[in-house]
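Model, not experiment: these values are computed from the prediction. Numbering of residues begins at 1 and proceeds along the displayed sequence.
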Amino acid sequence: MHLAFLTHEPFYPPSGGGSAEAIYLAQELVRRGHTVHLFCPAFSDVDKVGKLFGGEPAPDPSREGVASAPRPVPAQRGTWSGTSAGPFSSSGGVGPSGGLRCHLFTAWQMGRYTSLRNFKYLAYPIFLERLVERASRQERFDLVFSQHAISAVAAGRLKRRLRVPVVMNFLDYLTGFMETWPRWLAPRPLVKTLERFELSMPNRYQADGVMTVSDTLADYFSNAGYPRERIRPIYYGYDAKLFRPAESVAGSVESPLVVMHGSFDHHHLGAIAAIAVACVSEKRPKTRFKFVGNQTPALEKFCRRVRAAVPGARIECTGFVPYTEIARHLTDATVGIVPYEESTGAHCAFVAKTVEYLGLGLPVVTTPLNSARRYFANEPAVRFSEFNGESFGRQILAWFDEPAERRRNLGLAASQRVRAELDWSAISKKGVDFVEQIQQQQGRA
């Protein structure tokens with residue numbers, strides 16, 4: 001199968017969150033003998049990708065430095081291509097004819113921390129569609145596959161032009177997160193319009209299959225009229241080679257450590273997080289809080305708010321940390337936190353933080369996101385607060401009161417579970433099985 005793989009994020013190195021999945025899906029496709037034509041923004045590590053997919057010795061993506069900050073991108077034109085002639089460094093083998101070809105978008109820089117990001121995201125599908133259409137004059141594609149809602153717009157429009165099956169992979173309900181944005185930035189009537197448009201895309205463009213990050217998001221698409229039997233929740237994975245339990249019991253009884261990592265947007269660090277950290281700091285003044293990731297405006301505002309309430313709060317902000325080094329900042333923690341504000345987007349998310357904390361064997365406190373409550377309902381290492389900071393703070397303190405050995409045992413059991421169910425090898429196989437199923441069904445039709 002020759003597959004056009006569309007994404008709005010630079011392919012390599014992944015920047016964490018949803019971007020990490022693309023590499024593992026592409027690897028599994030190539031391992032099975034498919035040719036992947038990758039359409040994405042230009043990125044700076046093209047040579048490493050060439051080695052990774054071209055059979056030359058190359059580092060495993062799980063061991064490479066994974067950026068979460070913008071990096072200079074060389075001026076690359078046209079396409080880079082590479083075919084698989086030998087084993088992956090990470091998978092141990094490839095199919096007889098699979099390979100990867102990169103078609104790079106170079107009009108402007110894309111990424112999580114690029115300037116004017118939202119405006120660039122809105123314009124990108126137009127240019128992405130043209131890039132794929134030009135390539136299709138030289139190469140016939142058997143299927144178009146999109147990562148995220150932004151690329152799904154281009155994929156849907158291409159279905160009509162190229163007359164090939166389309167599979168859309170929704171790693172979140174993107175516009176649903178805008179419910180927590182300031183009203184001046186995201187007026188509510190506009191947000192509702194964008195939410196309806198996002199949910200309408202599979203029907204609007206007659207997608208042949210839809211993959212979702214959670215059962216909750218699958219329900220939203222089904223309720224919008226898309227056939228439930230053509231939706232496959234695959235959840236969101238993690239790299240079990242990176243996020244492994246520590247050898248010994250973590251956390252100090254006298255000075256417990258609470259950790260959170262990620263991109264620190266509006267919905268990550270709102271009133272719930274600020275009130276919870278202030279409450280815990282008042283009751284347990286020696287508690288340390290570590291925030292691992294870029295110091296965004298949302299993080300800076302959060303720190304100011306907490307320190308205004310509790311001047312002695314012990315908050316550490318690491319700044320940018322390569323993704324492969326994040327685990328070592330977390331392993332000595334007592335608990336990991338996911339204090340998301342409530343929104344439709346948050347309820348539909350399958351939060352990577354939760355999975356990675358459990359992979360490390362850390363107990364978790366999270367707000368009661370619908371997708372998490374459904375998947376981790378019977379997981380004793382995950383405790384759910386209400387959607388308020390006081391309740392969240394009480395749950396953190398409750399973990400402090402648990403004997404360290406009990407926390408350790410619960411964490412190890414949870415780590416074994418997510419390793420079996422949510423390692424990227426399991427997620428990518430489930431996703432590619434579905435893509436192959438759709439392509440075969442359309443081929444027979």
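- A ring-centre distance under 6.0 Å is not found for Phe291 and His261.
- Shown here are the salt bridge (Lys or Arg N to Asp or Glu O under 4.0 Å) partners of Glu342, two or more places apart in sequence or in another chain: there are none.
- Between Phe400 and Arg407, the shortest heavy-atom contact is O-NH1, 3.7 Å.
- Between Phe387 and Phe392, the ring center distance fails the sub-6.0 Å criterion.
- A distance of 11.0 Å separates CD1 in Ile234 from OG in Ser214, rounded to the nearest 0.5 Å.
- By the 4.0 Å N-to-carboxylate-O rule, Arg244 lies too far from Asp239 to be salt-bridged with it.
- Contacts of Glu282 classified as salt bridge (Lys or Arg N to Asp or Glu O under 4.0 Å), with partners at least two apart in sequence or in another chain: none.
- Ion pairing between a basic and an acidic side chain is recognised when a charged N comes within 4.0 Å of a carboxylate O; Glu28 and Lys429 show no such pairing.
- Between the side chain of Thr334 and the main chain of Pro256, no donor-acceptor pair closer than 3.5 Å is present.
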Using a 3.5 Å cut-off and no angle test, enumerate the donor-acceptor pairs between side-chain atoms of residues 302-309 and protein atoms at least two apart in sequence or in another chain.
| unit_1 | atom_1 | unit_2 | atom_2 | d |
| --- | --- | --- | --- | --- |
| Arg307 | NH2 | Ile315 | O | 3.2 |

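- The pair Glu390-Arg394 fails the salt-bridge criterion, with no side-chain N (NZ, NE, NH1 or NH2) lying under 4.0 Å from an Asp/Glu carboxylate O.
- Ring-centre distance between His34 and His2: not below the 6.0 Å cut-off.
- With sequence neighbours left out, Arg374 forms a salt bridge (Lys or Arg N to Asp or Glu O under 4.0 Å) with Asp219.
- For the residue pair Glu421 / Tyr375, a side-chain donor-acceptor distance below 3.5 Å is found, with atom types taken as modelled.
- Partners of Ala186 by side chain to side chain contact (heavy atoms under 4.5 Å, CB included), not counting sequence neighbours, listed by chain and number: Met178, Trp181, Arg188, Val191.
- The two residues Ala349 and Phe177 come nearest to each other via the heavy atoms CB-CZ, 4.0 Å.
- Within 6.0 Å of CZ in Arg419 there are 12 or fewer heavy atoms belonging to other residues, nucleotides or ligands.
- In this structure, Phe289 has no ring pair (Phe, Tyr, Trp, His ring centres under 6.0 Å) partners at least two apart in sequence or on a different chain.
- Every residue two or more places apart in sequence or in another chain that forms a side chain to side chain contact (heavy atoms under 4.5 Å, CB included) with Pro182 is listed here: Trp184, Leu185, His266.
- Relative ring orientation between His103 and Phe39 is described as parallel, the plane-to-plane angle staying below 30° on a 0-90° scale split at 30° and 60°.
- Looking only at atom types and distance, the side chain of Asp423 has a donor-acceptor partner in the side chain of Ser425 under 3.5 Å away.
- For Thr175, the side-chain hydrogen bond (donor to acceptor under 3.5 Å, both in side chains) test picks out Glu198, with sequence neighbours left out.
- Residue pairs meeting the ring-ring contact (aromatic ring centres under 6.0 Å, His included) criterion with at least one member in residues 326-345, sequence neighbours excluded, are His267-Tyr340, His268-Tyr340.
- Between Phe105 and Tyr124, the angle of the ring planes goes over 60°, which puts this pair in the perpendicular group of the 30/60° scheme.
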Does the side chain to side chain contact (heavy atoms under 4.5 Å, CB included) test come out yes or no for Ile396 and Val335, once each step is laid out?
CA-CA 7 Å; Ile396 294 174; Val335 61; 4.3 Å; yes
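- Pairs of residues two or more places apart, or lying in two chains, never qualify as salt bridge (Lys or Arg N to Asp or Glu O under 4.0 Å) while including a residue from residues 291-300.
- Listed by chain and residue number, Thr344 satisfy the side-chain hydrogen bond (donor to acceptor under 3.5 Å, both in side chains) test with Glu179 (two or more places apart in sequence, or in another chain).
- A search for salt bridge (Lys or Arg N to Asp or Glu O under 4.0 Å) contacts involving Arg406 returns Glu402, not counting sequence neighbours.
- Ion pairing between Glu405 and Arg408 fails under the 4.0 Å rule for side-chain N and carboxylate O.
- In this structure, Tyr226 has its ring center no closer than 6.0 Å to that of Phe221.
- Within a 6.0 Å sphere centred on CG of Asn378, other residues, nucleotides and ligands contribute 12 heavy atoms or fewer.
- Between Tyr12 and Phe43, the distance separating the two ring centers is not shorter than 6.0 angstrom.
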